[in-house]
2 protein chains.
Amino acid sequence: MTEGPAPARTSARAATIYEVARLAGVSHQTVSRYMADRSKLRAATSEKVERAMAELKYTPNLTARSLRTKGTYRLLALVPGSSPYFPSRMLSGAATTAQAAGYQLDVVALEGTGPERTERLRRILDGGPFAGALSFVPISGPDLLQAQERIPVVVAGDYDDQMRGQGRISDGSAARAIVAHIAALGHHRIAHIAGPQEWPAARNRLAVYRRAVQEAGLEDCGSAEADWSAASGYAAANALLTGPSFTAIFAANDQLAIGAIRALHDRGLRVPADVSVVGWDDHPESAFLIPSLTTVHMDLEAQGSRSMEQLLVALKPGGTPLPEPGPTGMRLVLRESSGAAPIPAATGAGQTSLEP
Amino acid sequence: MTEGPAPARTSARAATIYEVARLAGVSHQTVSRYMADRSKLRAATSEKVERAMAELKYTPNLTARSLRTKGTYRLLALVPGSSPYFPSRMLSGAATTAQAAGYQLDVVALEGTGPERTERLRRILDGGPFAGALSFVPISGPDLLQAQERIPVVVAGDYDDQMRGQGRISDGSAARAIVAHIAALGHHRIAHIAGPQEWPAARNRLAVYRRAVQEAGLEDCGSAEADWSAASGYAAANALLTGPSFTAIFAANDQLAIGAIRALHDRGLRVPADVSVVGWDDHPESAFLIPSLTTVHMDLEAQGSRSMEQLLVALKPGGTPLPEPGPTGMRLVLRESSGAAPIPAATGAGQTSLEP
DNA sequence: CACTATTATGTGATCGATAACATGAGGGCG
DNA sequence: CGCCCTCATGTTATCGATCACATAATAGTG
């Protein structure tokens, strides 16, 4: 079978509370109390313990502690293992917030699909070392319920769905702004390249797109589903080009926009002279592309941090039920990839043509 | 002070070996042995245990196990917290390999600088739950030695330095190929945009560049140091443009190349007609840029996996000292951003180029 | 000053697993 | 048949911390 784990290196064996206690001339429990709340000790005792700890370079054994308390200082972050398109800045925001609250955040990739993945999820949670989990990966309803029997689980981005249920849309304002921008530029026909629909963010952006297009009185020339990659954005744009003609594309993230721009380029269509393209996320590179990308800037760190706060609230026994997920500092960033709609007569040749 | 961690949810308390043992009518130790090596048990006993485990949905408490064995099934991956330029594919390669060997890989961001960071590193390792660490972040010599007193620590990419010490350069062949490619296109003057020099990969690429340029008989028009971002690539290219003129830029990664191309574009220089630009890493988007990027493809997953193998070897008590880090499936990918050197007379305005 | 209320500290049990040692059943051999 | 040896299984100790309770020390009150 699998080989067992290697034993820890024995060279620099860490001191225990018993050794500290002996050196300080107190009981082990006093040392334990020192760590829990030193104000409960007499100043003289406290100082003896402190000195002993320093001398032995004592650090508590967290494994032993959590065996006893069951409480654990570890939280779990589930990230997509396979997709390199996961914004790691969300993770770092979440990690910072977790650490500030005294938790350590462990990142585990959740791969696979279906029952196999469910099984993996169960195994991870059953090990028991985690106090809660924050998933950046979509989790199906039944799986989520099963997981939540063990520990609180928050799925980042799911509030998007809830918001939509309440008639509000969390990404709404920026998306409306982007569509309004397109409309103001004189465009009438627009298409969408959507992300994988099991992602709340992708669902949300698609919904926002549809609503905003309707509100602005534009014509929806369809949407194509893609994964989050530039390659699939390329394919999706090509697919859209076989349908009704349009003069603007709204892509669900910047990579998709990059792929779309290239697809247009390869067909001889200029961006933005013939077709405008807007992205979403404002990747650090997007300002330097040619053409630079009009996109929606997201404060991904704040978003990760906020998701973590939701989890932290859920961890507290009497935690308040819903931490209002306020706006996330999104804003429209106008750059070169969006421009005035082409004058119909001038571009007739380019748009109506379908070539292999 | 900091609030303690929350207690674990008690709803679905997990079964222990004692409960399994009682249900199966055996001793708890027999259950333990079943997990360690079921072939040591009589078939009948083994089956009783198996049934009891299934009925109680038993899963071992890893915390308790590792308290007793000291051995721990957890490995640590240190990643740069702040830099979004860390290739997460390396991480996923490492994680896969770790899991195959029966380890769980926990990812922790190592941020900050100087003594503060050293302290953070010490605290992470002292907690004691890790059997070993794989760092994707550069660690200074003294810090590394201190860390290695506790557990084996492997710094990914450091073998680059060792290789250079041995007169070999691990990235060598591909870099030589890229410079040869530039030379074959008729370029004579080339410049380099380097990554942060505390990163082994950045040092290595710079060294490789210098050697290859010399071997190919090209003229080195200098190198500018940058962080890994497109923004700093933009600034570095502008800085290089104030120096001796050149017709090719070799950037240490794709983002830097993107920034450089944009800087050239903003100065009215065409890529590749006036200046060729090559990158390194072959990001998934690089094929879709305009112009698409000539770059060095890296099998980042394999590289992460190989680093993990090094660590796994170091974990074994009698582990062989050096796991030969073979070639990593690098290859030159030729795309649009590199092309024939401009004919001196034709480009006089942009580049006051003279034959050497 | 005696006597209780409070606070500080010590003692033993415990979390859930494995390690070390003890014991019992069965088999081989003289 | 009895002795010893092996193999399967049971019993008790242990990892390093906290918890629950007991006890010693101090403070407060009439």
Side-chain angles (χ1 to χ4, degrees), chain A residues 4-10 13-50 52-53 56-74 126-129 131, chain B residues 4-8 10 13-49 52-53 56-74 126-129 131:
Chain A
R9 187 164 291 190
T10 48
R13 208 178 63 78
T16 72
I17 48 170
Y18 294 94
E19 294 164 313
V20 172
R22 191 146 42 87
L23 182 60
V26 298
S27 80
H28 70 273
Q29 179 63 318
T30 299
V31 178
S32 177
R33 270 189 275 261
Y34 173 89
M35 292 186 292
D37 183 3
R38 72 191 59 181
S39 76
K40 296 247 177 196
L41 301 185
R42 244 189 356 224
T45 316
S46 181
E47 201 166 310
K48 278 190 296 185
V49 173
E50 190 162 358
M53 277 187 173
L56 295 174
K57 291 189 183 159
Y58 170 80
T59 50
N61 180 323
L62 299 178
T63 304
R65 174 179 295 168
S66 75
L67 172 59
R68 184 66 241 240
T69 62
K70 304 234 153 128
T72 150
Y73 53 96
R74 293 173 65 193
D126 272 0
Chain B
T10 48
R13 211 177 61 78
T16 72
I17 47 170
Y18 294 93
E19 294 165 311
V20 172
R22 191 147 42 88
L23 183 60
V26 299
S27 80
H28 71 274
Q29 181 63 308
T30 299
V31 177
S32 177
R33 270 189 275 262
Y34 173 87
M35 292 186 291
D37 182 3
R38 71 192 59 181
S39 76
K40 297 246 178 196
L41 301 184
R42 242 189 359 221
T45 315
S46 179
E47 201 166 311
K48 278 191 294 183
V49 173
M53 278 188 172
L56 295 174
K57 289 189 184 161
Y58 170 80
T59 51
N61 180 323
L62 299 179
T63 305
R65 174 180 292 167
S66 77
L67 173 60
R68 182 65 240 239
T69 60
K70 306 237 151 123
T72 149
Y73 52 96
R74 292 172 65 193
D126 271 2

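For the pair A:Ile17 CD1 and C:dT11 P, the computed distance is 13 Å after rounding to whole Å. The interatomic distance linking A:Arg42 (CZ) with D:dA27 (C1') rounds to 13 Å, in whole Å. Note: CG (A:Leu62) to C1' (D:dT18) measures 13 Å, nearest angstrom. Per the geometry, NZ belonging to B:Lys40 stands 16 Å off P belonging to D:dG10, to the nearest Å. Spacing between atom CG of B:Asp37 and atom P of D:dT9 amounts to 12 Å, rounded to whole angstrom units. Summarising the geometry, the separation between CD on A:Glu47 and P on C:dA8 is reported as 16 Å, rounded to the nearest angstrom. The interatomic distance linking B:Leu67 (CG) with C:dT18 (P) rounds to 12 Å, in whole Å. One can place CE of A:Met35 at 7 Å from C1' of D:dA17, the figure rounded to the nearest angstrom.
When the side-chain nitrogen and oxygen atoms of B:Ser66 are compared with OP1 and OP2 of D:dC15, none of them lie within a distance under 4.0 Å. Listed pair B:Arg65 / D:dC15 fails the phosphate criterion, with no side-chain N or O lying under 4.0 Å from OP1 or OP2.
Residue whose closest nucleotide on DNA chain D sits further toward the 5' end, between B:Val26 and B:Ala64: B:Val26. Heavy-atom nearest nucleotides on DNA chain C were determined for B:Ser32 and for A:Gly25, and the one closer to the 5' end corresponds to A:Gly25.
Side-chain contact between A:Val31 and A:Val26 is present, with heavy atoms from C-beta onward closer than 4.5 Å. Side chains of A:Glu19 and A:Leu23 form no contact here, defined as non-hydrogen atoms less than 4.5 Å apart. B:Ile17 is listed as a side-chain neighbour of B:Met35, based on a closest heavy-atom distance under 4.5 Å.
Remark: B:Arg33 CZ to B:Thr45 OG1 distance equals 10.5 Å, nearest 0.5 Å. Rounded to the nearest 0.5 Å, atoms NZ (B:Lys48) and OG1 (B:Thr30) are 8.5 Å apart. Considering CG of A:Asn61 and OG of B:Ser66, their distance stands at 8.0 Å, rounded to 0.5 Å.
By the salt bridge (Lys or Arg N to Asp or Glu O under 4.0 Å) test, A:Glu47 is found to be paired with A:Arg51, residues two or more places apart in sequence or in another chain being considered.
Taking the screw axis at each terminus of the helix from C:dC1-D:dG30 to C:dG30-D:dC1 from five consecutive base pairs, the angle between the two is 50° to within rounding of 10 degrees.
The listed nucleotides are C:dT18, D:dT9, C:dT9; the one nearest the side chain of B:Thr69 is C:dT18.
The shortest heavy-atom contact between B:Ala15 and B:Tyr58 is O-CD1, 3.3 Å. For the residue pair A:Ala24 and A:Ala52, the shortest heavy atom distance occurs at CB-CB, 3.8 Å.
Residue A:Tyr58 is classed as a sugar-phosphate contact, given heavy-atom separations below 4.0 Å to backbone atoms only.
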Hey, what are the protein-to-nucleotides 11-14 of chain D N/O distances that come in under 3.5 Å?
unit_1 : atom_1 : unit_2  : atom_2 : d
D:dT12 : O4     : B:His28 : NE2    : 3.1
D:dT14 : O2     : B:Arg68 : NH1    : 2.6

